Protein chains: 2
Amino acid sequence: MTTSPESDAAARKRLRQAGLRPTRQRILLARRLFDGPHRHVTAAGLHAEVLGEEAGVSLATVYNTLHQFTKAGLLRELVVDSGPSFFDTNTSHHQHFFLEESGRLVDVPGDRVSVSGLPPAPPGTTVSRIDIVVRVTGKEAEEGTASPLRRPRTLE
Amino acid sequence: MTTSPESDAAARKRLRQAGLRPTRQRILLARRLFDGPHRHVTAAGLHAEVLGEEAGVSLATVYNTLHQFTKAGLLRELVVDSGPSFFDTNTSHHQHFFLEESGRLVDVPGDRVSVSGLPPAPPGTTVSRIDIVVRVTGKEAEEGTASPLRRPRTLE
DNA sequence: ATAGTTGCAAAAGTTTTGCATTGTA
DNA sequence: TACAATGCAAAACTTTTGCAACTAT
């Protein structure tokens, strides 16, 4: 699959609209991130993906770019365990399953999840976001090309 | 406040019951952790606390010990953002407020919090735990000796 | 004695920062 | 040309591992 001019233009537009200059590195990463279905990536995983590309991007730039995208509202950062953070291309409000064995993150489908019984936030503060992580164990059923973007956490 | 023999014995007993040998380092850390009210500590914060002690404990040992305590059920590990993990001396099922400005973690009081509308876990997996982090912003009202065990995350 | 455990130095892994370079107006 | 924005090497920070030293039989 070769690079399509289409998605390059789309990436440029997306970056402009987010107030970010469409630099080579940002376009490269934006195309990876936003071309297909929603993804959960780690900085290291995304960096590994683009190592094969013609012109490189350093890991530091991947980090900085992911944070810039996050600040611009294009991504959402998720921290699930002591390993690397995930960046989610789905920025709408939703929650996650975390598969402890594989270290994979899966969206909780639908948007019916709600929290009840929550006491007021500490005095002087207001709630900015509620993150729910449903940690699950057990090997998930095989399903096509599951790509473990992350080294599974060591067991025992 | 000098060290009390009482709490040394209590710490030894606690460790024994958890199936851990009561070594000097473990006793030192256990006393810090379990003597008073519940705490949320980071490895670095706890290490800093014991630097003044007569005999030292290395940061690596603090980490290993915290993980051993966690595996033994004496602590619960919490990861909230990309900084260091927290270890919570309250191992009962409860949730947290995370104060984004100060990087502090506060228990959600009561145990009335519940999640509804959750779809089934992915095929082949079972839920092991549901973690809820209520992220709040704004400076909390002063209240006695608030100890920021963690460097606040850089703003802007 | 000795088999298993422990504690820490060193290594590995993750993230941020400072500044030379680049790109835009 | 000037001036802000960018990208990355290097530094900082967090966590894990391998093995010498220790401990409880």
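Note that the structure is a prediction, hence the values are computed from the model and not measured.
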In a table with atom names and distances, give each donor-acceptor pair under 3.5 Å that connects a side chain of residues 111-123 of chain B to protein atoms at least two apart or in another chain.
| from | atom 1 | to | atom 2 | distance (Å) |
| --- | --- | --- | --- | --- |
| B:S114 | OG | A:S116 | OG | 3.0 |
| B:S116 | OG | A:S114 | OG | 3.0 |

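With rounding to whole Å, B:F86 atom CZ is found 16 Å from D:dT15 atom C1'. The distance from atom CZ of B:R16 to atom P of D:dT25 is 7 Å, rounded to the nearest whole Å. The nearest whole Å value for the distance from the CG atom in B:L59 to the C1' atom in D:dT16 is 11 Å. Between A:L15 atom CG and C:dT24 atom C1' the separation is 16 Å, expressed in whole Å. To the nearest angstrom, P of C:dA12 lies 18 Å from OH of B:Y63. As a whole-Å value, the separation of B:K71 NZ from C:dT6 C1' is 14 Å. Atom P of nucleotide C:dT15 and atom CG of A:L78 are separated by 13 Å, given to the nearest angstrom. Between the CG atom of A:D81 and the P atom of D:dT14 there is a distance of 16 Å, rounded to whole Å.
Taking only side-chain nitrogens and oxygens, A:H67 never comes nearer than 4.0 Å to OP1 or OP2 of C:dT15.
Contact check on A:D8 versus A:K13 returns no salt bridge, with no Lys/Arg side-chain nitrogen under 4.0 Å from an Asp/Glu carboxylate oxygen. Salt bridge A:R39/A:E49: present, at least one basic N to carboxylate O contact under 4.0 Å.
Between A:H94 and A:H96, the ring center distance clears the sub-6.0 Å criterion.
Aromatic ring pairs are classed by plane angle as parallel below 30°, tilted from 30° to 60° and perpendicular above 60°; the pair A:F87 and A:H67 is perpendicular.
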Sugar-phosphate or base contact per nucleotide [nucleotides 5-11 of chain D; S, B, -; heavy atom under 4.0 Å]: SSSBB--
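Within the 3.5 Å criterion, the main-chain N or O of A:I132 finds a donor-acceptor partner in the side chain of A:Q95.
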